[in-house]
Amino acid sequence: MNTNESTTRLDFIRAIVAEDLKTNKWGGQAVTRFPPEPNGYLHIGHAKSICLNFGIAGEFNGLCNLRFDDTNPIKEEQEYINSIIEDVRWLGFDWQDRLFYASDYFEQMYEYAVQLIQAGKAYVCDLTPEQIREYRGTLTEPGKNCPYRSRSVEENLDLFERMRAGEFEAGLRVLRAKIDMASPNLNMRDPVMYRILHAEHHRTGDKWCVYPTYDWAHGLEDSIERITHSVCTLEFENHRPLYDWFLDELGVHHPQQIEFARLNLSYTVMSKRKLQQLVQDGLVSGWDDPRMPTICGLRGRGYTPEAIRKFCKRIGVNKFNSTVDIALLEHCVREDLNKTSPRVMAVLRPLKVVIENYPEGQVEELEAINNPEDASAGTRKVPFSRELYIEREDFMEEPPKKFYRLAPGREVRLRYAYFITCTEVVKDSNGEAVELRCTYDPSTRGGDAPDGRKVKSTLHWVSAGHSLPAEVRLYEHLFSRENPDDAGGGEDFKSNLNPNSLQILSSCRVEPSLGQAKPGSRYQFERLGYFCVASESCEGKLVFNRTVTLRDRWAKIQKAQQQIR
RNA sequence: UGGGGAAUAGUGUAACGGUAGCACGACUGACUCUGGAUCAGUUAGUCCAGGUCCGAAUCCUGGUUCCCCAGCCA
């Protein structure tokens, strides 16, 4: 709590927690929870909630539980549980022995329901779903009491027990809270507490055929776990009176529900439904496609947990909807990766260079710095020879203004190597440059000229004979529109998919030090960006995913120049 | 047109009756063996209209706009 970063400003939720701690409201305890429903993969929006809940616990010397809200066996699967556990852990959070499941409380919840029935506060209703909707009324008109509302306690008890026993078909009856069918808050118009579902639950099997609804279950889960601050998203604000009502009627431990705005990010979608659609329609390779805003997608893309945590800290917490610029997320990864990733040279679109005055067969091992931001990372040797590859876009036969790179007659530096001058351009029948003939200045070995002359630019390169082939996947934003839902003419968000969101380059060359690069490890390809070794990569076939480009001044100049034309 | 929320530079957020600040972005410039990083600077804001006050983003009144709610989803 007393770190300089967190004392500066408290968001409104932390302010509440701090105040409660000060007044000893919960006996000096702060207990939060992250309560995902295991029906999908976690995304960066969940990370916001995870960082909030675990962050509060960490900062206030409290506890944060990981709890699966598994009250709907039709939608939930073990696969999701596994991925969620992996993702939360990967993000860097620890729930120790407090991994819980709502389904572990089913018996207790059932007893609480019986208690409410006995108190005349709940009843079994035989209306069909359609009828329930009709009886509920509308936003502007009150609902009306259903004919079963006045059933006796005994009959309700009997019916509810038989619901549990499996005597009725799915959907035939429900248990409802008896509150107020005229309430302006529709959630209070006798909400459903239990529905009959003859479905196999991934944890309780066929033990139950009545399952609690969210409204009934969630507060109980919080209460049973002695949660103090039940943090959820804005859309549950309307449910808070109901949350409070259940807990008050039962007279049990009653946490405070606090709502905050969920995260929206530009150039992507965040709803589970839409993400699922992308997966199902095969528009991405899966939940872990590196273009997805899912935690596993970002992980495969090369994002670090540190960067995601930093991002979540920077976006803050508030009560109004907003859309964070994805550039901020990208800034956070760059900031982290700049300090931590080893530099390496890789040529994505190779253009052959022959150094005519360099002795055939000669190879020099030149020393290169692994990370200029971290002296302890040391140096490595990079082989240099007569035939090299440079980046195709680092050469222009007719360079425009402000293009500092290689051109006929121009001298540039090869990083950590020599100054070279382009003397001749070899072209194919289409007039395309296929090879450059150059000379080098032997006195510039290592990259400095003894006579002090300067060059305008430094290029990365690899030795043709020593470099390794690699596949590199260049990723861009998944959508080409800032707000993907902003689609015209009856189209939906999918019409805004960015056709260039994935570009696969299969004839890249990387320096030999990358030969044993392990999947998941991250590098900066000098002058290009941050890349991470793809999970499919192996020693014979190297594959890299681009996490994010470096900031690129030249690209901006180029863009500006194109706009002028 | 019922109820519940919310509005501060382009974006995200501070300021809790007392100089509207920070970050991202954009734009300058310095430096540089990454057109990277770093450093310096510029840009730009209190939804509107009244009121209270020496003083209002903050308090009051009235508007405007946006979000959420009519699942046996969460």
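These figures come from a predicted structure and were not determined experimentally.
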Novice: Kindly say whether, by distance alone, the side chain of A:Glu482 makes a donor-acceptor pair under 3.5 Å with the base of B:G10?
Specialist: no

Novice: Can you check whether A:Phe236's main-chain N or O pairs, donor with acceptor, with A:Gln257's side chain at less than 3.5 Å?
Specialist: yes

Novice: Would you indicate what A:His239 reaches in the nucleic acid, counting non-hydrogen atoms under 4.0 angstrom: base, sugar-phosphate, or nothing?
Specialist: base

Novice: So does A:Arg415 pair up with A:Glu526, basic N to acidic O under 4.0 Å?
Specialist: yes

Novice: Mind checking who B:U58 pairs with, Watson-Crick or G-U wobble, both distances under 3.5 Å?
Specialist: none

Novice: Indicate, with a heavy-atom threshold strictly under 4.0 Å, whether A:Leu139 touches base, sugar-phosphate, or nothing.
Specialist: base

Novice: Checking contacts here: which listed nucleotide (B:A26, B:C68, B:C69) is nearest the side-chain heavy atoms of A:Lys556?
Specialist: B:A26

Novice: Provide, to the nearest angstrom, the distance between the CG atom belonging to A:Leu328 and the P atom belonging to B:G12.
Specialist: 11 Å

Novice: Salt bridge or not for A:Arg164 and A:Glu161, using N-O below 4.0 Å?
Specialist: no

Novice: Kindly assign one of parallel, tilted or perpendicular to the pair A:Trp287 and A:Tyr41, based on the angle between their ring planes and the thresholds 30° and 60°.
Specialist: parallel

Novice: Contact class for A:Thr71 vs. all strands (heavy atom < 4.0 Å): base, sugar-phosphate, or nothing?
Specialist: sugar-phosphate

Novice: Select one nucleotide: of B:C69, B:G35, B:C73, the one nearest the side-chain heavy atoms of A:Asn72.
Specialist: B:C73

Novice: Give none if B:A7 has no partner; otherwise give the nucleotide forming a Watson-Crick or G-U wobble pair with it, both distances under 3.5 Å.
Specialist: B:U64

Novice: To the nearest Å, how far apart are A:Leu234 CG and B:C68 C1'?
Specialist: 7 Å

Novice: Would you say a side-chain N or O of A:Thr138 is under 4.0 Å from OP1 or OP2 of B:G2?
Specialist: no

Novice: Select base, sugar-phosphate, or nothing to describe what A:Gly171 touches, counting heavy atoms under 4.0 Å on all strands.
Specialist: base

Novice: How far does the P atom of B:A20 sit from the matching atom of B:G55, given to the nearest Å?
Specialist: 15 Å

Novice: With syn defined as a glycosidic torsion within 90 degrees of 0 and anti otherwise, which applies to B:G55?
Specialist: anti

Novice: Using the closest heavy atom to pick a nucleotide of RNA chain B for each, name whichever of A:Glu141 or A:Asn321 lands nearer the 5' end.
Specialist: A:Glu141

Novice: Using 4.0 Å as the upper bound for N to carboxylate O, is an ion pair formed by A:Glu511 and A:Arg380?
Specialist: yes

Novice: Please state the C1' separation for the pair B:G12 and B:U46 - nearest whole angstrom.
Specialist: 16 Å

Novice: Quick one: label A:Phe403 by what it contacts on the DNA or RNA (base, sugar-phosphate, nothing), any heavy atom closer than 4.0 Å.
Specialist: base

Novice: Would you classify A:Thr323 as touching base, sugar-phosphate or nothing, given that sugar-phosphate means primed atoms plus P, OP1 and OP2, and contacts are heavy atoms under 4.0 Å?
Specialist: sugar-phosphate

Novice: May I ask you to decide whether A:Asp441 forms a salt bridge with A:Arg453, counting only side-chain N to carboxylate O separations under 4.0 Å?
Specialist: yes

Novice: Measure centre to centre between the rings of A:His218 and A:Tyr214, then say whether the value is under 6.0 Å.
Specialist: yes

Novice: On a whole-Å scale, what distance lies between the P atoms belonging to B:U1 and B:U65?
Specialist: 9 Å

Novice: Atom CG of A:Leu52 to atom P of B:G12: distance rounded to whole Å?
Specialist: 18 Å

Novice: Specify the separation, in whole Å, of atom OH of A:Tyr211 and atom P of B:C73.
Specialist: 13 Å

Novice: Look at the side chain of A:Asn238 against the base of B:C68 and say whether a donor-acceptor pair falls under 3.5 Å; ignore hydrogens and angles.
Specialist: yes

Novice: Please check the phosphate of B:C73 (OP1 and OP2 only) for any side-chain N or O of A:Arg195 closer than 4.0 Å.
Specialist: yes

Novice: Say you pick atom C1' in B:A26 and the same atom in B:U43; how far apart are they, in whole Å?
Specialist: 8 Å

Novice: Determine whether any donor atom in the side chain of A:Arg405 lies under 3.5 Å from an acceptor atom in the base of B:G35, or the reverse, and answer yes or no.
Specialist: yes

Novice: If you look at every strand shown and take non-hydrogen atoms under 4.0 Å, does A:Tyr416 touch a base, only sugar-phosphate, or nothing?
Specialist: base

Novice: Can you measure A:Glu373 atom CD to B:C39 atom P for me and round it to whole angstrom units?
Specialist: 10 Å

Novice: Considering only the C1' atoms, how many Å lie between B:U13 and B:G29, rounded to the nearest integer?
Specialist: 28 Å

Novice: Which nucleotide wins on minimum distance to the side chain of A:Val324, given the candidates B:G12, B:C72, B:G2?
Specialist: B:G12

Novice: Between A:Phe531 and A:Phe544, is the ring centre distance below 6.0 Å?
Specialist: no

Novice: Which is true for A:Pro372 with a 4.0 Å heavy-atom rule: it touches a base, it touches only sugar-phosphate, or it touches nothing?
Specialist: base

Novice: Determine which nucleotide pairs with B:C31, using a 3.5 Å limit on both distances of a Watson-Crick or G-U wobble pair.
Specialist: none

Novice: What is the nucleic acid contact for A:Lys272, judged by heavy atoms within less than 4.0 Å: base, sugar-phosphate only, or nothing?
Specialist: nothing

Novice: Once you apply a heavy-atom cut-off of 4.0 Å, does A:Ile132 come out as touching a base, just sugar-phosphate, or nothing?
Specialist: base

Novice: In whole Å, what separates the C1' atom of B:G25 from that of B:C60?
Specialist: 38 Å

Novice: What is the nucleic acid contact for A:Gln524, judged by heavy atoms within less than 4.0 Å: base, sugar-phosphate only, or nothing?
Specialist: base

Novice: Do the side-chain N or O atoms of A:Arg334 get closer than 4.0 angstrom to the phosphate oxygens (OP1, OP2) of B:A37?
Specialist: no

Novice: Compare the aromatic ring of A:Tyr404 with the six-membered base ring of B:G35 and state whether they stack according to the 5.5 Å and 30° rule.
Specialist: yes

Novice: Ring centroids only, cut at 6.0 angstrom: are A:Trp554 and A:Tyr404 within range, meaning strictly under it?
Specialist: no

Novice: Distance check, P atoms only: B:A14 and B:A23, in whole angstrom units.
Specialist: 15 Å

Novice: I'd like the P distance from B:G62 over to B:C69, given in whole Å.
Specialist: 28 Å

Novice: Using a 4.0 Å heavy-atom cut-off across all strands, classify A:Arg133 as base, sugar-phosphate, or nothing.
Specialist: sugar-phosphate

Novice: Of A:Asn39 and A:Val317, whose nearest nucleotide on RNA chain B comes first from the 5' end?
Specialist: A:Val317

Novice: Identify whether any heavy atom of A:Thr549 sits under 4.0 Å from a base atom; if not, whether one sits that close to sugar-phosphate; answer base, sugar-phosphate or nothing.
Specialist: nothing

Novice: Is it the case that B:U13 (base atoms only) and A:Arg314 (side chain only) share a donor and an acceptor within less than 3.5 Å, ignoring hydrogens and angles?
Specialist: no

Novice: Measure CD/A:Glu511 against P/B:U34 and give the value in whole Å, please.
Specialist: 16 Å

Novice: Figure out the CZ/C1' separation between A:Arg176 and B:A70, and round it to whole Å.
Specialist: 12 Å

Novice: State whether A:Arg405 and A:Glu391 are salt-bridged, where the test is any N-O pair (Lys NZ or Arg NE/NH1/NH2 against Asp/Glu carboxylate O) under 4.0 Å.
Specialist: no

Novice: Under 4.0 Å between any heavy atoms, over every strand shown, what does A:Thr213 touch: base, sugar-phosphate, or nothing? Just pick one.
Specialist: sugar-phosphate

Novice: Roughly, in whole Å, what's the span from NE2 in A:His331 to C1' in B:G10?
Specialist: 17 Å

